Amino acid sequence: MALPLKYSIRNLWVRKTTTTMTIVGMGLTVGIFICLMAFTEGIRSAVISTGSVDNIILMRDGSVATEFSVLDREILTQLKAIPEAKTTSKGEPLVSPEYHIGIPIPVKNGRGQRKPTRFRGVLPIAFKVYENVRVSEGHSNLAGSGMVMGRAVAERLGGYRVGDHLRFSRGEWTVVGILDGNGTSYDSEIWVDLNDLLSDQRKDQISCVTIKLKSIKEEKELNQRLTDDPRLHVKAMGEIEYYEEQSEALSQIHVLGNIVALLMAIAAIFGGMNTMYAAVAGRIQEIATLRFMGFKNRNILLAILIESWLIALGGVLVGSLMGLVVNGISLTTLSPMFSEITFQFRVTLGILSEAFLFALVMGLLGGILPARSACKVKMATALREE
């Protein structure tokens with residue numbers, strides 16, 4: 001015969017002060033767990049969603065990122081001739097040569113303050129290769145030291161607008177447009193004319209080449225063929241695969257977040273355990289009476305575990321509210337390539353499910369030992385106690 005659920009609920013209500021404090025403690029732990037996971041998911045999503053399934057990237061063999069890659073521009077002659085490259089209606093191959101570099105940019109009205117920003121030197125064809133990118137304000141004509149600023153960059157640097165001028169490196173540049181990357185890392189970039197950027201940096205080589213394919217079915221075979229070509233000395237890979245590799249540098253943040261969450265979980269488990277031990281200690285005679293009435297040890301153990309799980313459920317609700325509060329909040333941090341990237345906290349259904357399991361385990365570990373101790377109470381001794 002099982003104890004009714006209202007028995008467990010009544011006992012929690014009798015100890016409503018300690019129950020509330022324990023729920024809040026578990027809620028803070030769950031909330032921090034959700035925030036840490038949302039932080040990691042936000043950065044990962046901003047980085048990985050930057051790639052397109054039908055784009056491939058070519059960079060120097062052995063390079064870990066495009067910023068560290070160096071390619072001769074003569075390579076374009078061979079790449080534009082590959083039959084797998086998609087073309088425009090005018091027959092122009094969608095092949096984008098680029099130069100990537102991080103440059104400190106002055107903050108508008110920031111009294112000399114500068115922030116590291118990722119620059120992408122491109123040709124006009126780039127706006128057709130990257131279909132998810134659009135110029136929401138101004139235009140995309142970059143000739144003559146023009147630039148389009150990512151939406152997040154413009155805000156982070158003090159609110160640059162179309163027509164603003166700024167000096168950096170060896171020249172003066174003009175904001176001609178605002179780039180909308182739809183929440184991807186493009187929002188944290190500045191695009192300028194490839195030739196202007198190379199001239200400003202006194203370089204004559206590019207960083208990488210991005211190619212849009214006619215069909216994604218040809219990607220693996222083409223990547224292998226280009227990588228194995230001894231004339232090119234390149235590493236070819238899918239754009240999504242490239243950004244997945246870049247996001248692996250964020251795994252340390254994920255590990256650190258898990259460690260912090262684990263330490264807090266241990267503290268919350270001990271807090272819940274103390275609450276349940278106190279509950280058991282104050283109900284020795286009551287538990288002995290239940291056993292005398294015919295309730296089995298397993299029924300009593302389950303009833304106490306249900307109390308612990310109800311506390312954990314309350315903690316999930318409190319923690320989830322904390323997570324939903326931060327969901328969508330924008331934050332800026334350093335990317336793996338040491339330029340600033342803006343992202344949003346992303347609280348997904350998967351994170352909430354993990355938080356529920358996380359709290360369920362805390363409730364089990366916090367209640368199992370007190371429940372076992374309750375089952376070991378000797379009826380005769382307990383009933384004689386005043």
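Bear in mind the structure is a predicted one, so any value in this text is a computation, not a measurement.
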Electrostatic pair Glu84:Arg225 at N-O distance under 4.0 angstrom: yes
So, using side chain to side chain donor-acceptor pair (under 3.5 Å) as the criterion, who are the partners of Arg114 when residues are at least two apart? none
Is there a side-chain contact (heavy atoms from CB on, under 4.5 Å) between Glu92 and Ile125 once you walk through the steps? CA-CA 9 Å; Glu92 183 182 7; Ile125 194 67; 3.6 Å; yes
Please find the pair of heavy atoms, one from Val347 and one from Asn327, that lie closest to each other, and give the distance. N-OD1, 2.9 Å
In chain order, what residues pass the side chain to side chain donor-acceptor pair (under 3.5 Å) check against Arg60, with sequence neighbours excluded? none
Side chains of Ser320 and Ile34 in contact at under 4.5 Å (non-hydrogen atoms): yes
Can you find a heavy atom in the side chain of Leu142 that is under 4.5 Å from one in the side chain of Asp196? no
Residues in ring-ring contact (aromatic ring centres under 6.0 Å, His included) with Tyr160, at least two apart? none
For Thr227, the side-chain contact (heavy atoms from CB on, under 4.5 Å) test, sequence neighbours excluded, returns Ala236
Is the shortest side-chain heavy-atom distance between Leu232 and Leu226 below 4.5 Å? yes
Would you say Lys220 has more than 12 foreign heavy atoms packed within less than 6.0 Å of its NZ? no
Contacts of Glu155 that satisfy side-chain contact (heavy atoms from CB on, under 4.5 Å) - sequence neighbours left out: Arg151
Smallest separation among heavy atoms of His100 and Cys208, with atom names: CE1-SG, 3.6 Å
Mind checking side-chain contact (heavy atoms from CB on, under 4.5 Å) for Ile105 and listing every partner two or more places apart, or none if nothing turns up? Ile103, Thr117, Phe119, Leu157, Leu166, Phe168, Ile190
Is Asn182 atom CG crowded by more than 12 heavy atoms from other residues, nucleotides or ligands, each under 6.0 Å away? no
For a quick test of your reading: what N or O donor-acceptor pairs under 3.5 Å do the side chains of residues 350-358 make, sequence neighbours left out?
residue: Ser353; atom: OG; partner: Leu349; partner atom: O; Å: 2.9

Taking only residues two or more places apart in sequence, or in another chain, which ones meet Val325 in a side-chain contact (heavy atoms from CB on, under 4.5 Å)? none
Lys235 (side chain) donor-acceptor with Ser63 (main chain) under 3.5 angstrom: yes
Rest of the hydrophobic cluster containing Met322 (Ile/Leu/Val/Met/Phe/Trp/Tyr, side-chain heavy atoms under 4.5 Å)? Val24, Leu28
Can you confirm if the NZ or CZ of Arg134 lies within 45° of the ring axis of Phe127 and under 6.0 Å from the centre of its six-membered ring? no
For the residue pair Thr210 and Asn55, confirm or rule out a side-chain donor-acceptor distance under 3.5 Å. no
Below 4.0 angstrom, N of the basic side chain to O of the carboxylate: do Glu137 and Arg161 qualify? no
Residues which pass side chain to side chain donor-acceptor pair (under 3.5 Å) with Trp173, listed by chain and number, not counting sequence neighbours: none
Could you give the distance from CG (Leu194) to NZ (Lys203), rounded to the nearest 0.5 Å? 13.5 Å
Filter on side chain to side chain donor-acceptor pair (under 3.5 Å), then keep only pairs touching residues 68-82, sequence neighbours left out; what's left? Asp72-Gln205, Arg73-Asn195
Short side-chain donor-acceptor distance under 3.5 Å, Thr66 and Tyr99: no
Using a strict threshold of under 4.0 Å (side-chain N to carboxylate O), is an ion pair present between Lys212 and Asp54? yes
Just to verify, what does Arg170 make a salt bridge (Lys or Arg N to Asp or Glu O under 4.0 Å) with, not counting sequence neighbours? none
